[in-house]
There are 2 protein chains.
Amino acid sequence: MATTLKDIAKKLGISEATVSLALNNNSLVNEKTKKRVHEAAKELKYFPNMVAKGLATNKSNTIGIIVPDINIVFYANILRAIDEVVNRAGYSLLAAMSNNDPQIEEEIIRTFISKRIEGVLAVPTNKPTKFLTSYQKALREYNIPLVYITSLYTIDEIRYVMGDIREGTYMLIKHLTDLGHRNIVFIGGNRTVPTTSLRREGYSRALGEKGIPVFAENLIECEDIHYDQAALVTEELIGRRRDFTAICAMNDEMALGVINTLQKAGIRVPEDVSVVGYDNTIFSKLSMVGITSMDSDIEGTCQQAVDMLLQVVRGEIPEEPHIMTKPAMIKRQSSGPVKETEN
Amino acid sequence: MATTLKDIAKKLGISEATVSLALNNNSLVNEKTKKRVHEAAKELKYFPNMVAKGLATNKSNTIGIIVPDINIVFYANILRAIDEVVNRAGYSLLAAMSNNDPQIEEEIIRTFISKRIEGVLAVPTNKPTKFLTSYQKALREYNIPLVYITSLYTIDEIRYVMGDIREGTYMLIKHLTDLGHRNIVFIGGNRTVPTTSLRREGYSRALGEKGIPVFAENLIECEDIHYDQAALVTEELIGRRRDFTAICAMNDEMALGVINTLQKAGIRVPEDVSVVGYDNTIFSKLSMVGITSMDSDIEGTCQQAVDMLLQVVRGEIPEEPHIMTKPAMIKRQSSGPVKETEN
DNA sequence: CTGTTAGCGCCTTCAC
DNA sequence: GTGAAGGCGCTAACAG
């Protein structure tokens, strides 16, 4: 059915090996025969069999990536960026979704290993641990490098590249305090998860610099970090009190929930209350007022993650196993000076 | 490095073949040795080499999918659904993005063939054609079945599964006319592309049934079908006239742009103007008012697409090469009775 | 420069 | 029930 090296070798009356070399543009083979081979290949509609090549070379030329759920915009953004970078680097990408389930994550790794992936990138499930999981051990066994994007792990030996959310949140809160805000609510997720706790650190630091105390009641914890939850806690919040002049949500989707809820209650943004989000995703453009947000530089982060991974794949040792990329503030209309009458 | 069949055969003092059979749970081999083999495999941390297996069996056990851009929520939804269905069917999924570029699409197909994919699913780029493209011919050459999801092609020989958007739009418009609306604006994309033209047919039919004429000025064409464009044309629209009482956008993201723009202008939804979207994506929940939308039953559609593909892979001939799946209306608050004073 | 030869790891007859 | 042998398509020495 499929035409093989042998077919084109036979047709040209030369050896398979020569054809192979010619197809790979090896300089050993004469330009003339190269051209003949390429022409014959095209004529016979030859498609190299990567499976056979993979077996022969013991290289799959593909790297794998695991994301929790592609229906979450942020992860989709990451996957897309990774796809681009990996392809540009001449590798194939094999993507899989873990559904935030460590067991599925492990299964995925198993099939990755079976496919002889050369390296794996992962946005890990959010169950942090201080121990090497079994799949991490398996990867090590097979000498397959692993780089996390947005890590939750605090184990030194585990490489990761992540956006500096602590710094990013600091910048956002500083932006608000510079505008005169002193009573700022932070809406995040579970306080024990790094993606929230790191942000809280940035929040506290920014307030501290202005001598503003951190009040526990301004730190809201959500069960999940999506629109509905944010809308819900905002509704509860404004039912309880209205002394705050700004709200910082841990991502844009939540910020959108906050804004819509405020507006529905007749609270104007940013005139009455300023709102900021994070990640500069599409959500930051979907309200009547553009949302001030932090751009995590997903492209840059992914580029660095792939670079680091490929370094290890090539057997080099990256100088720095942990990289924090710098985010940039995107100022839109949802944040403004504190309301005069509040003072 | 990696442990192979041979390693475990050697350890157990039996032949490779037996180990292979045992690992594949072949009934020929004695239960006892099977157990021994499985234990040894686990002990030696054996991971089957799918590359070798693929070469030997000439089956990759994976199917490929091409979507235009995973950053578009609707496509991300599709990819996720496909991933689930394909995995459940015991196949691996290899995903790739075309960026809506036919050339990239072709490259992807090339690598798919090289990887000896057993079938391909595709959400095609939106450049319709009546001819078989070169990659379609290549797939045929290699006997690799192809099924489109949401097809633009009108070639009989090309299989596809798509949501019935004509019917869905009909249902939405009928919903509006039943509520008393007669002056309904439809905001779509390029009129020559099936995803818009089919919807227009549904629109016209629903109006026709109530004896309402179709006015050209109520059919708005957008260059791209996203939020910003929708917001823009809505702004122009309300600058020009305000006689309409309802707006139907071709997707939820656009409907959201419409609603936000209307509200910013002080036009209430649904009191003054009703708005409906399509696809029942996350966007339909992101405004102050929930958006009435059509659920395209992505899961069902994807299930059928995979079923059809696997049928062909197995050499069966699906009875019906073209399937239209039925959508369901999701009624939310953005649509209501026509404003009394308009009459 | 080109051809020969041996595998890569696994599966699949076919004997025993 | 189990073993031996050949081959999947390609690459990688090594000869010539």
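Note on naming: letters A, B, ... go to the chains in the order of the sequence lines (proteins, then strands), and numbering restarts at 1 for each one. What's counted below: heavy atoms across the whole structure, side chains too, no hydrogens, waters or symmetry copies.
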Using only heavy-atom distances, determine whether the side chains of A:Gln311 and A:Asp307 contain a donor-acceptor pair under 3.5 Å. no
A:Glu84 and A:Arg80 ion-paired at < 4.0 Å: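 Looking at A:Glu84 and A:Arg80, the cut-off is met.
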What is the separation between atom [atom1] on [X] and atom [atom2] on [N], rounded to the nearest whole Å?
| X | N | atom1 | atom2 | result |
| --- | --- | --- | --- | --- |
| B:Leu5 | C:dT12 | CG | P | 12 Å |
| B:Asp7 | C:dC8 | CG | C1' | 13 Å |
| B:Ile113 | D:dG9 | CD1 | C1' | 17 Å |
| A:Ile8 | C:dG3 | CD1 | C1' | 15 Å |
| B:Met50 | C:dC11 | CE | C1' | 13 Å |
| A:Asn49 | D:dG7 | CG | C1' | 14 Å |

Does the side chain to side chain contact (heavy atoms under 4.5 Å, CB included) test come out yes or no for B:Met50 and B:Ser92, once each step is laid out? CA-CA 11 Å; B:Met50 289 310 209; B:Ser92 287; over 6 Å; no
Validation row: [X], [Y] side chains within 4.5 angstrom (heavy atoms):
| X | Y | answer |
| --- | --- | --- |
| A:Thr125 | A:Asp101 | no |
| B:Lys45 | A:Ile113 | no |
| B:Pro145 | B:Met308 | no |
| B:Thr325 | B:Ser296 | no |

In residues 52-64 of chain B, what residues come within less than 4.0 Å of DNA chain D, judged by heavy atoms? B:Leu55, B:Ala56
Parallel under 30°, tilted from 30 to 60°, perpendicular over 60°: which one fits the rings of A:Tyr142 and B:Phe47?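 If you compare the ring of A:Tyr142 with that of B:Phe47, the planes turn out perpendicular.
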Interface with DNA chain C, restricted to residues 14-36 of chain B and to heavy atoms under 4.0 Å: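 Going residue by residue through residues 14-36 of chain B, the ones with a heavy atom under 4.0 Å of DNA chain C turn out to be B:Glu16, B:Ala17, B:Ser20, B:Asn24.
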